[in-house]
Structures are given as C-alpha cells and as structure tokens.
Amino acid sequence: MGLRKVGVVGVGTMGQGIAEMLAFNGLDVYMVEHSNERLIQMIAVIEQSLDKQMERWALTLAEKKLIMSRIHPIESLQELADCELVIETITEDLDRKIAIFEQLDRLCGPDIIIASNTSTLSLTELASVTQYPERVIGMHFVYPVMKTNLVEIVRGLKTSNETFTRTKDFVEEVIHKKSIMVFESAGFVTTRLICLFINEALHVLEENVASAEDIDSAMRIGYSFQNGPLEMADRFGLDAVLAALERMFREYGELKYRPSILLKKMVRGGHLGVKSGMGFFQYDKDGDRQ
C-alpha cells in the first residue's frame, strides 16, 4: 500500500502517539484538533517524546528533525481531502464521532479509507451516516502506540474485503505492526479483556486483600506484565477505563462489567492517573512514577 499522506483527527494521548508513530515510519501526517492551542501543545509533547529517545541513544538529532518535519498541524478537516487514509481518534463520544464521520465522508473521495481508533463504539453505527460505509473500518491501536506492536483491525457490518485487505497491508507492511481481525463487538478483544482484569484488581484492592503496590508487583513479577493492572489503569486514564466498562456493561448487561465503586470515586475526585499526576500512584509531569 504505497500511501504517503495520513490524516489524524484528534491529538489526545492516542492521537499524539499515532501521529508520532506514523511520522517515525516515514509518512507525512496531517493533524487536526478543535483548537490551535491544543495542536501546539501536542506537537510539544511529541518533541518531548523524541527527546527522551535521544537521551537513550535510540534516535539521533537528524532523525528527530526529519520526523518532526513530517508532522503538519492543520486548521480544518477540509485540509484532509488530499490524504490517502484518515484516522479518527477523538474522545469516545458517539455523537461527536458521528459528526466527524459525516464531514469526512463528504470531503474524502470514495477510495479513501476512513478509520476510527475507537475501543468500544460501533463501527457500523459510525459508518451508517456515510455514503460509502464499505470504506469505514476500525484501527484500534494499543497504548503506548510506539512500543506496542498490535493493531486490532475491526470490521463493521458493511466493511468491504478490499478495505480490510488494504488496511491489513498498511498495518503490516507500512507501519510494521502485527494485526488481528476483529468483528465488531463492544471492547473488541484487548479492551474487553484488559478492563475486566483492571476491574478485578480494583475489587481485590477494595477488599483489602493486598495493597496497590503489591497487587501490581504480583502481576509484574509473577506473570511478566510490563505494568501491573493499577498502573495500567493510571496510564490509560481512570476516566477512560470507567467509560469503557460502563459502555460494555450497557452493551452486554453482565455484572462482570459493572465498574468498581472505587474506580468511580477516583474519577469523581479528579484522580485520573498520569494525566492528572495522581491515580493509584503519583506521577511527575513527564508521566514517570514518583
């Protein structure tokens, strides 16, 4: 798949990671956000991420400059019309995503793939507002995007075989990640399983079976997890974990998806994890554990 220009709509944590990864793989990335201030802030975050790689001798200054030169902040969706692939990665708000897809469908030619990074919402519902639902697909990247080599490629009801094949080729041949095919289901594979894992860890903590530190140590040391479940929740964002569990609870109606009371309290108190500096653990402005 010889595309060179990719649009990214929404540059939050996932959008920033996706944009950095695409530019790292030699693609020109066109980033759009609802405010210019937000764009400037996220470009600074990407630069900071590249600086950290330089500190570890994983990147040279010349490579950093080349990557940054491929990232293009733009002011409106209209400027994505020339892109060969557009990835939507705004917050998990169905109405806002539908509005974005309606606009992208009008602006992008019928051969342009429109993908969503949603982890819980229906691709079929997003595609239903478009004139060409067969070109709508899910590309669910796993956090952290640069380090995690998996992408869930999610097929909606009307996603065509051609769209799936082109997306799979892009994932595996252009950005060099492994892919799995998922048929639409709330939470897909990764979100569905990891949120249940986190929720059960929260119940263990609520019941005073073990401390947060010891729960995470048990899974890191005993089962070779990179991060324990509670630090995972902090890094995903406790509000994002809560929203995913609540959506799956509504979708499936099973008690195992009902969010922990502790999780709700943490979110209500503004303890959202890395993004707020405080969750189950404390973090500095660079997202490192204190």
Tell me, with the steps shown, if L126 and I98 meet side chain to side chain contact (heavy atoms under 4.5 Å, CB included). CA-CA 6 Å; L126 294 176; I98 283 175; 3.9 Å; yes

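- Summarising the geometry, atom OH belonging to Y132 is positioned 13.5 Å from atom OG belonging to S160; distances are rounded to the nearest 0.5 Å.
- With contacts defined as side-chain heavy-atom distances shorter than 4.5 Å, the pair I71/M31 qualifies.
- The two residues G279 and L238 make their nearest non-hydrogen contact at CA-CD1, 4.5 Å.
- In this model, a donor atom of one side chain and an acceptor atom of the other lie less than 3.5 Å apart for H203 and E206.
- Across all their heavy atoms, S116 and E88 have their closest contact at OG-OE1, 2.5 Å.
- Using a 4.0 Å cut-off between a side-chain N of Lys or Arg and a carboxylate O of Asp or Glu, R135 and D105 qualify as a salt bridge.
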Verify side chain to side chain contact (heavy atoms under 4.5 Å, CB included) between K275 and L272, making sure each step is shown before the conclusion. CA-CA 6 Å; K275 67 177 75 176; L272 307 181; 3.7 Å; yes

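- Under the 4.5 Å side-chain criterion, counting only non-hydrogen atoms from C-beta, R220 is in contact with D216.
- Judged purely by atom type and a 3.5 angstrom limit, S217 uses its side chain to pair as donor or acceptor with the backbone of E213.
- Checked by atom type and distance alone, the side chain of E63 pairs as donor or acceptor with a backbone atom of T60 at under 3.5 Å.
- Defined by atom type and a distance below 3.5 Å, a donor-acceptor pair is missing between the side-chain atoms of Q41 and Q16.
- With hydrophobic clusters built from ILVMFWY side chains whose heavy atoms lie under 4.5 angstrom apart, V86 shares a cluster with V154.
- Side-chain atoms of R70 do not come within 3.5 Å of backbone N or O of L27 as any donor-acceptor pair.
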Determine, step by step, whether E152 and V189 satisfy the side chain to side chain contact (heavy atoms under 4.5 Å, CB included) criterion, reporting the C-alpha distance in whole Å, the side-chain angles of both residues, the deciding distance to 0.1 Å, and the verdict. CA-CA 8 Å; E152 292 180 293; V189 175; 3.1 Å; yes

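- Put simply, the side chain of T148 never gets that close to the backbone of V145: no donor and acceptor are under 3.5 Å apart.
- Without hydrogens or angle criteria, T130 side chain to A127 main chain gives a donor-acceptor distance under 3.5 Å.
- Between V6 and D28, every side-chain heavy-atom pair lies at or beyond the 4.5 Å cut-off.
- We find that R258 and E246 are not joined by a salt bridge, their nearest charged nitrogen and carboxylate oxygen being 4.0 Å or further apart.
- Taking all atoms of both residues into account, the shortest heavy-atom contact from P133 to K158 is CG-CD, 3.9 Å.
- The backbone N or O of Q290 sits nowhere less than 3.5 Å from a side-chain atom of Q282 that would complete a donor-acceptor pair.
- Judged by the 6.0 Å and 45° rule, R192 forms a cation-pi pair with Y252.
- Between the side chains of T118 and E92, at least one donor-acceptor pair of N or O atoms lies under 3.5 Å.
- There is no path of hydrophobic side-chain contacts, each under 4.5 Å, that joins I40 to I46.
- Residues F236 and F188 do not share a hydrophobic cluster, clusters being chains of Ile/Leu/Val/Met/Phe/Trp/Tyr side chains in contact below 4.5 Å.
- A pairwise comparison of heavy atoms in P229 and I198 identifies O-CG1, 3.5 Å as the closest pair.
- In terms of hydrophobic clustering, with Ile, Leu, Val, Met, Phe, Trp and Tyr side chains grouped at heavy-atom distances under 4.5 Å, M139 and V142 are assigned to different clusters.
- Salt bridge present: K168 and E172 bring a charged side-chain N and a carboxylate O closer than 4.0 Å.
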Step-by-step side chain to side chain donor-acceptor pair (under 3.5 Å) determination, E20 to Q53: CA-CA 12 Å; E20 180 183 342; Q53 293 179 56; 3.0 Å; yes

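- In this structure, the separation between CD1 on I261 and CE on M266 is 14.0 Å, given to the nearest 0.5 Å.
- If you take CG on L262 and CG on L230, they are separated by 8.5 Å, rounding to the nearest 0.5 Å.
- Side chains of N161 and R166: no donor on one and acceptor on the other come within 3.5 Å.
- Atom CD in Q103 sits 5.0 Å away from atom CG in L77 (nearest 0.5 Å).
- A salt bridge does not link E125 with K97: none of the charged nitrogens is closer than 4.0 Å to a carboxylate oxygen.
- F141 pairs in a side chain to side chain contact (heavy atoms under 4.5 Å, CB included) with only one of the listed residues (I175, T190, L150), which is I175.
- L107 is not listed as a side-chain neighbour of I112, based on a closest heavy-atom distance of 4.5 Å or more.
- A donor-acceptor contact shorter than 3.5 Å is absent between the side chain of S260 and the backbone of L202.
- The side-chain heavy atoms of Y30 and V8, taken from C-beta on, include no pair separated by under 4.5 Å.
- Smallest separation of non-hydrogen atoms from P73 and L39: CB-CD1, 4.0 Å.
- Between R247 and E251 there is no salt bridge, since no side-chain N of the basic residue sits under 4.0 Å from a carboxylate O of the acidic one.
- Using a cut-off of 4.0 Å between Lys/Arg side-chain N and Asp/Glu carboxylate O, R38 and E75 are scored as not salt-bridged.
- A donor-acceptor pair is defined here as one N or O able to donate and one able to accept, closer than 3.5 Å; no such pair exists between the side chain of N227 and the backbone of M232.
- A centroid separation of less than 6.0 Å is found between the aromatic rings of F225 and F197.
- No side-chain heavy atom of E254 sits less than 4.5 Å from a side-chain heavy atom of F249.
- Remark: the Y283 side chain and the D288 side chain contain no N/O donor-acceptor pair separated by less than 3.5 Å.
- Counting heavy-atom neighbours within 6.0 Å of K265 NZ, excluding the residue itself, gives a total of 12 or less.
- Salt-bridge annotation for D284 and R289: absent, with no side-chain N of the basic residue lying under 4.0 Å from a carboxylate O of the acidic one.
- Under the side chain to side chain donor-acceptor pair (under 3.5 Å) criterion, S122 pairs with E184, not counting sequence neighbours.
- Here the CD atom belonging to E173 is positioned 12.0 Å from the CG atom belonging to N25, to the nearest 0.5 angstrom.
- When all heavy atoms of T163 and I113 are compared, the pair lying nearest together is O-CD1, 4.0 Å.
- By the 4.5 Å heavy-atom criterion applied to side chains, T120 and T191 are counted as neighbours.
- Between atom CE of residue M248 and atom CG of residue N199 there is a gap of 8.5 Å, rounded to the nearest 0.5 Å.
- At a threshold of 4.5 Å between side-chain heavy atoms, the hydrophobic network of Ile, Leu, Val, Met, Phe, Trp and Tyr places L255 and V204 in one connected group.
- Within the 4.5 Å cutoff, no side-chain heavy atoms of I137 are placed close to those of L123.
- Between the side chain of K5 and the backbone N or O of L80 there is no donor-acceptor pair closer than 3.5 Å.
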